[in-house]
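Because the structure is a prediction, the values reported are computed rather than measured. Hydrogens, waters and symmetry mates are skipped; everything else that's a heavy atom, side chains included, is used.
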Amino acid sequence: MTAFDLVIRNATCVSHRGIGQADVGVRGGKTAAIGDLSQAAAGQVIDATGLHLLPGVVDSQVHFREPGLEHKEDLESGSRGAVLGGVTTVFEMPNTKPSTTTAEALQYKLDRALNRMWCDHAFYVGAAAENAALLGELERLPGCCGVKLFMGASTGDLLVHEDETILRVLQSGSRRVSVHSEDEQRMRDRKALAEEGNVLSHTVVRDDQSAIIATQRLLRLARQAGRRVHVLHVTTADEIELLARHKDIATVEVTPQHLTLAAPDCYEALGTRAQMNPPIRGAHHRDGLWKGIADGIVDVLGSDHAPHTLEEKAKPYPASPSGMTGVQTLVPVMLDHVNAGRLNLQQFVDLTSAGPARIWGMAGKGRLAVGWDADYTVVDMNASRTIEDGWIASRVGWTPFDGRQVSAWPIGTIIRGQRVMWDGQLADAAAGQPVRFNDTLRAHG
Ligand code: DOR
């Protein structure tokens, strides 16, 4: 009889085969068998009767603020929130202090992640005029998921907004470049439209045209450079239509908050807690994002987890910083949309595991199948719970979804066969590992 390290019994598995009940056996950190394992010997058994087992959820956009901004978040607290929310892997952003623009800065994050990060992880390297020529080397370093380019300024000082410099970045290297697409010049020209104390005017300063113009420019430059791009947190119906015509070179991320909240209501209800870049817009654009999901134009969901303290958020707009937490609420908020019929479970899986695997070529991750990493997000699709600030592990301790009732909940987070979270309880120690990527395996083993 074959022995497994772990057998998860009676789960409703969501995979390429469809949705069906099975046992899952894990050996050596990998999925070793799926089927009827009722007779199999196992070091550990988890009874998952009534629960769904999904391929591990990847959040490919989080800001964990370390180094330099640890009063907002650090790699330990951010990744603790991730696993409490059912997320098994994160890609972390470079707008820390200092920005992650060198090999040393990247290595610093990898060193700090060791034995402190609860989930698997990779780090972005930030594009700047100064490191443009080096990006082709930097993006291939172990633990790096690629280059992040800010076309419009946001938190931190990373910014590359002139066509000529953007082109230099796009011509350096070969992996897909992830882009914050808002037009810096237009936003500077509109800065005076910010009304002191009125956060709704954030959507006027950083209006829909700021995003649309930038994405048009980006696509033109990406074609010119022959480089693939990933457009982060798309916010307009127009960009979805545009990006649908460029799927050969462009992949698309949307966030749960842009799919869930809408102006003006969110600003009335949440004030500056709803302030982020690019902004949450009106219902017309939100509907356009849902159409992008229905039509298969959107490739991934990312949370853009970007914590700021409530004290910082209490400053009157526009002194208030942009960003909100999200890594811990992505799964319950989106599964609630699944239960409401806005997308189905297989679409959710496509957007949170198969999608990231396809875009970044993660080695061994992104599929619930024999031979792949045993990364699982275990969820209860019939759990009525309320999201509350008190549940949020982030150092800032708040969520825009405080008080929101949801109909599904993350119960377990299993990473390479290790139970990292179950029913809100964490494992004894943090053991997240750097993600390996298919196109840099030869260099890094
Ligand atoms: O709202 C945002 N906050 N958007 C970004 O692009 C950056 C982020 C942050 O780091 O605070």
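- No side-chain donor-acceptor contact under 3.5 Å links His180 and Ser154.
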* To do: Report the C-alpha separation of Ile166 and Arg217 in whole Å, then their side-chain angles, then the decisive distance to 0.1 Å, and conclude whether the side-chain contact (heavy atoms from CB on, under 4.5 Å) test is met.
  => CA-CA 10 Å; Ile166 295 171; Arg217 274 178 65 210; 3.6 Å; yes

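- Applying the side chain to side chain donor-acceptor pair (under 3.5 Å) test to pairs two or more places apart or on separate chains, those with a residue in residues 116-129 are Glu66-Arg116, Glu76-Trp118, Asp120-Lys365, Asp120-Arg416, Tyr124-Ser178.
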* Would Ile387 and Val333 count as a side-chain contact (heavy atoms from CB on, under 4.5 Å) if you check the C-alpha gap in whole Å, the side-chain angles of each, and the deciding distance to 0.1 Å? -> CA-CA 9 Å; Ile387 294 174; Val333 167; 3.8 Å; yes

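- Under the 6.0 Å distance and 45° angle rule, Arg175 counts as a cation-pi partner of Phe437.
- Inspection of the Arg176 and Thr251 side chains reveals an N or O donor paired with an N or O acceptor under 3.5 Å.
- A 6.0 Å sphere centred on NZ of Lys97 holds no more than 12 heavy atoms belonging to other residues, nucleotides or ligands.
- Checking side-chain atoms of Gln44 against main-chain N and O of Asp5 turns up no donor-acceptor pair under 3.5 Å.
- Remark: the Tyr267 side chain and the Thr203 side chain contain no N/O donor-acceptor pair separated by less than 3.5 Å.
- Put simply, the side chain of Lys30 never gets that close to the backbone of Val370: no donor and acceptor are under 3.5 Å apart.
- Here NE2 of His246 is found 9.0 Å from CD of Gln216. Values are rounded to the nearest 0.5 Å.
- A distance-only check finds no donor-acceptor pair linking the side chain of Arg286 to the backbone of Thr236 [under 3.5 Å].
- Interatomic distance, CG of Asp389 versus OG1 of Thr325, reported as 8.0 Å (0.5 Å rounding).
- When only modelled atom types and interatomic distance are considered, Lys313 and His308 share no side-chain donor-acceptor pair under 3.5 Å.
- If you run side chain to side chain contact (heavy atoms under 4.5 Å, CB included) between His230 and each of Lys148, Gln61, Glu253, only Glu253 comes through.
- You'll find the side chain of Val254 reaches within 4.5 Å of the side chain of Leu301, heavy atoms only.
- Between His233 and Gln257, the side chains place no donor N or O within less than 3.5 Å of an acceptor N or O (distance only, hydrogens not considered).
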* To do: Show the numbers, then the answer: is there a salt bridge (Lys or Arg N to Asp or Glu O under 4.0 Å) between Arg223 and Asp248?
  => CA-CA 10 Å; Arg223 281 226 179 270; Asp248 56 338; 2.8 Å; yes

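- Counting heavy atoms from C-beta outward, Leu243 and Leu219 have side chains that approach closer than 4.5 Å.
- Asn131 places a side-chain N or O within 3.5 Å of a backbone atom of Ala128 that can act as its donor or acceptor partner.
- Between the Glu184 side chain and the Ala153 main chain, a donor and an acceptor come within less than 3.5 Å of each other.
- Two residues are said to be in side-chain contact when any heavy atoms from C-beta on lie closer than 4.5 Å; His305 and Glu73 meet this criterion.
- Checked against side chain to side chain donor-acceptor pair (under 3.5 Å), His258 has the following partners two or more places apart in sequence or in another chain: Thr255.
- Counting only heavy atoms from C-beta outward, the side chains of Arg186 and Asp207 approach each other to under 4.5 Å.
- The side-chain contact (heavy atoms from CB on, under 4.5 Å) test applied to Ala105 returns Thr100, Thr102, not counting sequence neighbours.
- By the neighbour-count criterion of 12 heavy atoms within 6.0 Å, atom CG of Asp163 is densely surrounded, having more than that number from other residues, nucleotides or ligands.
- Considering only heavy atoms from C-beta on, Ser303 stays 4.5 Å or farther from Gln328 through its side chain.
- Side-chain atoms of Asp350 and Gln346 form no donor-acceptor pair, as typed in the model, at a separation below 3.5 Å.
- Here Ile212 contributes atom CD1 and Glu241 contributes atom CD; the two are 10.0 Å apart, rounded to the nearest 0.5 Å.
- With 3.5 Å as the limit, one finds a donor-acceptor pair spanning the side chains of Glu239 and Thr215.
- A donor and an acceptor atom, one from each side chain of Ser322 and Asn277, are located under 3.5 Å apart.
- Side chain to side chain, Thr440 and Arg140 fail the donor-acceptor criterion of an N or O pair below 3.5 Å.
- Using modelled atom types, one finds a donor on one side chain and an acceptor on the other under 3.5 Å when comparing Thr309 with Glu312.
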* So Arg206 and Glu182, side-chain contact (heavy atoms from CB on, under 4.5 Å) or not? Walk me through it. -> CA-CA 8 Å; Arg206 304 180 84 112; Glu182 286 187 286; 2.7 Å; yes

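- The backbone N or O of Leu259 sits less than 3.5 Å from a side-chain atom of Trp290, completing a donor-acceptor pair.
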* To do: Would you sort out whether Arg273 and Asp402 count as a salt bridge (Lys or Arg N to Asp or Glu O under 4.0 Å), showing the intermediate values?
  => CA-CA 11 Å; Arg273 292 191 199 194; Asp402 177 56; 5.5 Å; no

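- A donor-acceptor pair is defined here as one N or O able to donate and one able to accept, closer than 3.5 Å; no such pair exists between the side chain of Ser172 and the backbone of Val169.
- Separation of atoms CD1 (Ile240) and OG1 (Thr235) is listed at 9.0 Å; rounding is to 0.5 Å.
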* Derivation and outcome, side-chain contact (heavy atoms from CB on, under 4.5 Å), residues Leu335 and Val379 -> CA-CA 9 Å; Leu335 291 182; Val379 301; 3.6 Å; yes

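- A side-chain donor-acceptor contact under 3.5 Å links Thr377 to the backbone of Val57.
- With no hydrogens or angles considered, a side-chain donor-acceptor pair links His63 and Asn95 at under 3.5 Å.
- Rounding to the nearest 0.5 Å places CD of Glu139 at 12.0 Å from CG of Leu106.
- When atom types are taken as modelled, the side chain of Ser99 and the backbone of Thr101 share no donor-acceptor pair closer than 3.5 angstrom.
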* Between Arg281 and Asp208, is a salt bridge (Lys or Arg N to Asp or Glu O under 4.0 Å) present by the stated rule, with each step listed? -> CA-CA 8 Å; Arg281 308 192 192 280; Asp208 52 1; 5.8 Å; no

* Between Glu130 and Arg168, does a salt bridge (Lys or Arg N to Asp or Glu O under 4.0 Å) hold up when you go through it step by step? -> CA-CA 11 Å; Glu130 300 76 46; Arg168 277 209 291 134; over 6 Å; no

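- Here the shortest heavy-atom pairing between Gly81 and Val327 reads C-CG1, 4.2 Å.
- Scanning both residues, Ala82 and Cys119, for their nearest heavy atoms gives CB-SG, 4.1 Å.
- Ring-centre distance between Phe348 and His337: not below the 6.0 Å cut-off.
- Environment of CD in Gln418: sparse, with no more than 12 heavy atoms of neighbouring residues, nucleotides or ligands closer than 6.0 Å.
- Between Leu289 and Val298, the closest side-chain pair of non-hydrogen atoms is not below 4.5 Å.
- Separation of atoms CG (Leu221) and CG (Leu170) is listed at 6.5 Å; rounding is to 0.5 Å.
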